[in-house]
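Take a look at the structure below.
The sequence lines fix the lettering, A, B, ..., with proteins before strands; numbering per chain opens at 1.
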There are 2 protein chains.
Amino acid sequence: MALDHAILVSLLEQPGSGYELARRFERSIGYFWTATHQQIYRVLKRMESDGWIDVREVPQQARPDKKEYSVAAPGRAALAAWLHEPIEPESVRHDLAVKIRGAAFDDPAALIHEVERHHRKHTDRLAHYLAGERRDFTGPDAPGEPDAGQELQHVVLRGGIAYERMTIAWLEDVLATLRRLAAAHGTRSR
Amino acid sequence: MALDHAILVSLLEQPGSGYELARRFERSIGYFWTATHQQIYRVLKRMESDGWIDVREVPQQARPDKKEYSVAAPGRAALAAWLHEPIEPESVRHDLAVKIRGAAFDDPAALIHEVERHHRKHTDRLAHYLAGERRDFTGPDAPGEPDAGQELQHVVLRGGIAYERMTIAWLEDVLATLRRLAAAHGTRSR
DNA sequence: CTTGTTTATGCAACTCGTTGCATAGAAGGA
DNA sequence: TCCTTCTATGCAACGAGTTGCATAAACAAG
């Protein structure tokens, strides 16, 4: 049930509306947690009725009004309590690995394009992370003396970068294996 | 909905009961997909009524009878169809990263023990994977001429190994960051 | 002989996540 | 003028995943 807490952290870093949160979940928070706008609105409603967050109606020109949420004291306490609880290391859900093992019962060569597509996506994501890192942390426009929040955001981003680099290298390993199998199969069937 | 397909792959690699599948999901398949026995029994029931898998009652001595499932032709066809569909790269769910960013609004030092605990767990898991790799693929008792299925299982296992190594290195980065922040905080508060 | 462990299967209730759809104001282009 | 896009919020239904509990046969330990 960490979506609650992910939203609380995001609102502590910067108050905002459900819509703004949804966009953050496509970017920075989305590096390690995904959520759709429906999920977010539902959780916001629940947390508001529980008194964890406050709402403020913000009239806007040139666009619809929005509800800006910010964390209230009980929400902060709930987050602190969660931070002190131990959690289990994440459970993995890797569809592509299922496909790779499944390819043994089908045509391994047919997977090559799919794996190449994933390789491109992860390469793009890595470039995006690295651009964000230069912009916010290591580039010339980055703040000179980072505070604790920035240090922690940076170490999480470094995790995302490490993950993408590892994944890209592994996908290249997968591709080499699939191509070797495809070649061997071609030889045998002739 | 890839649990169906993960089960089909596992049953193709080796037919078995719901209980046996649940144990595989704690081991090899569990490297990239998790499932509880309730989930597994429920899906097995559905796939059986859809004609994707066949059941065989197997009487056993010294333990309760079991139902051994194996993949039927329609199940194999369903798996093949899924293999040819493109899938989106996995969505990440990393509670620990939420905690790390949340620590900016609490005490970063309080997270150190939690991160150390995760570090130990991942170190154990890596050792377990490496033992499995030696046993099944690179050790002296491993088969000399691996078939396609074994090659593909090995490349997936190499992915698990790469993931654990990357995670362990990142957790060390996180620990160094937390300790630096804790020391700076201690200095400032004096 | 009772208690605990392993194998083996399952129901019920609940929460979480996904998908499809609906509404609505404002801006910009065809 | 109509169509699309962007901002902004939300409902309803469904499917996936989790948690707690229940049953039962066999064996091992006390």
Identify the two heavy atoms, one from A/Glu116 and one from A/Arg179, that lie closest to each other, and give their separation to 0.1 Å. OE2-NH2, 2.7 Å
The side chain of B/Tyr19 is closest to which nucleotide in this list: C/dG17, C/dA8, C/dT19? C/dA8
Once you measure the plane-to-plane angle for A/His5 and A/Trp82, does it fall in the parallel (<30°), tilted (30-60°) or perpendicular (>60°) bin? parallel
Among C/dA8, C/dG17, C/dA24, the nucleotide that comes nearest once only the side chain of B/Gln60 is considered: C/dA8
Contacted region of DNA chain D by chain B, from 5' end to 3' end of the hits, cut-off under 4.0 Å to heavy atoms, spans D/dA16 to D/dC27
Under 4.0 Å from OP1 or OP2 of C/dT18: is there any side-chain N or O of A/Gln39 that close? yes
Main chain of B/Ile87, side chain of A/His118: is a donor-acceptor contact present, judged purely on distance under 3.5 Å? yes
Look at the aromatic rings of A/His154 and A/Phe137 and report parallel, tilted or perpendicular, splitting at 30° and 60°. parallel
Give a yes/no on whether any side-chain N or O of B/Arg23 is located under 4.0 angstrom from OP1 or OP2 of C/dT6. no
Steps toward side chain to side chain contact (heavy atoms under 4.5 Å, CB included) verdict (B/Trp33, A/His94): CA-CA 6 Å; B/Trp33 203 274; A/His94 210 309; 5.6 Å; no
Is B/Lys67 salt-bridged to B/Glu48, going by a charged N under 4.0 Å from an acidic O? no
Using the closest heavy atom to pick a nucleotide of DNA chain C for each, name whichever of A/Gln38 or A/Asp4 lands nearer the 5' end. A/Asp4
